[in-house]
Number of protein chains: 2
Amino acid sequence: MFSQTVEYALRAVVCLADRAPSACTTEEIAVATKVPKPYLSKVLQALVRHKIARSQRGIGGGITLIKTPDQLTLFEIVNAIEPIARIETCPLGLKSHGKQLCPLHKRLDEAAAVVQKSFEETTLSDLLSAPKGVYPLCESPKSAGIAEGVQPAKKTD
Amino acid sequence: MFSQTVEYALRAVVCLADRAPSACTTEEIAVATKVPKPYLSKVLQALVRHKIARSQRGIGGGITLIKTPDQLTLFEIVNAIEPIARIETCPLGLKSHGKQLCPLHKRLDEAAAVVQKSFEETTLSDLLSAPKGVYPLCESPKSAGIAEGVQPAKKTD
DNA sequence: TCGAAATTGGACGTTGATATCTTGTTTTAC
DNA sequence: GTAAAACAAGATATCAACGTCCAATTTCGA
């Protein structure tokens, strides 16, 4: 239901929020989120253009979020990459009803509205404050090793 | 949020349900739904393959729905053309949590679940029984002409 | 049986999403 | 100031979605 690019952007932002307010390099994010690095850099550029993240070149540089995780919503990320397409007017171009949608498109738009609302109400903090044994991204860079006493294996992937 | 093809399929099915149990030709549906006829025929073929519609060649032929409008849900149509992508397992391929999704993907899947549920609960009849002055498709082939006393113009579109 | 109506199926073209690669450009450390 | 680190940006490749076109097939009616 969402594009691959949106998925990548969300992973990257979760990763950034997890390490906020420190900076992450594209390389670090790519490894943590398993997103192809060259493509990830494009996605991150889009986030920078949309004023969601800030980039700093040079040694010690990287990407940082502009907002704090508790002020940043899923909606903002999704909207930056691929806005949720709300149905404002009749897709068939009928002018007979002003903003009145036919039942079909009313339903479709309601579905989109529910998704949008859900995303607007979810902050990155919400995702990071794992309620019970579920970890930030799917990776569990901090908690997992501590909780289970497992040494993270050398990354060969 | 939904592909153009799904939109076309839904329009076509609404059109078919509106005229059920009679058959419609691809041409008729194309005009009513403003979908390019050659492409519509592909979409209809998919509906036939998925046992949602039946086709009859030759003079007097056309497409008919297999189920009655009150037994056919939006979900069945959407699922036939482009199944709602539920997130069953971790997209990053982490095996560390069985079917436990991380908070991010849990949220995304919940959104998909809500949409799916909404579609499962909506039948074509629901869409056709317009509550108050809203018409079946965006077109209003039956009611409009009657209500307003307007002769449908010769089809030049 | 012949022809018109109608769907079926394959080939083709276009566009955008996805992804990679290479070459800059900026910045910091020494 | 020079080199390494890191992002920026453009060109390119690939594939699926979208859409068109045309020939083939089925079916009904005269």
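So that the names make sense, note that chain A is the first sequence line, chain B the second, and so on, each numbered from 1. All values below come from the heavy atoms of this structure, side chains included, with hydrogens, waters and symmetry mates left out.
Residues B:E76 and B:K67 are paired through a salt bridge, judged by an N-O separation under 4.0 Å between the basic side chain and the carboxylate.
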For this session: Show the numbers, then the answer: is there a side-chain contact (heavy atoms from CB on, under 4.5 Å) between A:T26 and A:K37?
Result: CA-CA 7 Å; A:T26 303; A:K37 185 168 52 172; 3.9 Å; yes
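In this structure, B:I63 and B:R54 have side chains that are not in contact, with every pair of non-hydrogen atoms separated by 4.5 Å or more.
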Seminar exercise, completed: A correct 5'-to-3' footprint of nucleotides 11-21 of chain C, with B, S and - meaning base, sugar-phosphate only and no protein heavy atom under 4.0 Å, is -------SBBB
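Under the rule for a salt bridge (charged side-chain N to carboxylate O under 4.0 Å, His left out), the partners of A:R86 that lie at least two apart in sequence or sit in another chain are A:D109.
Rounded to whole Å, the distance from CD1 on A:I63 to P on D:dA5 is 18 Å. Atom CD in A:Q45 sits about 14 Å away from atom P in D:dA11, given to the nearest Å.
Panel note: side chain A:S118, backbone A:V114; no donor-acceptor pair is recorded below 3.5 Å. Side-chain N or O atoms of A:H50 include one that pairs as donor or acceptor with a backbone N or O of A:A46 at under 3.5 Å.
A donor-acceptor pair shorter than 3.5 Å can be found between the side chains of B:Y39 and B:T5.
In this pair, A:F2 and A:F119 present their aromatic rings tilted. The plane angle is within the 30 to 60° band.
Taking every heavy atom of residues 52-61 of chain B and every atom of DNA chain D, pairs under 4.0 Å involve B:Q56, B:R57, B:G58, B:I59, by number.
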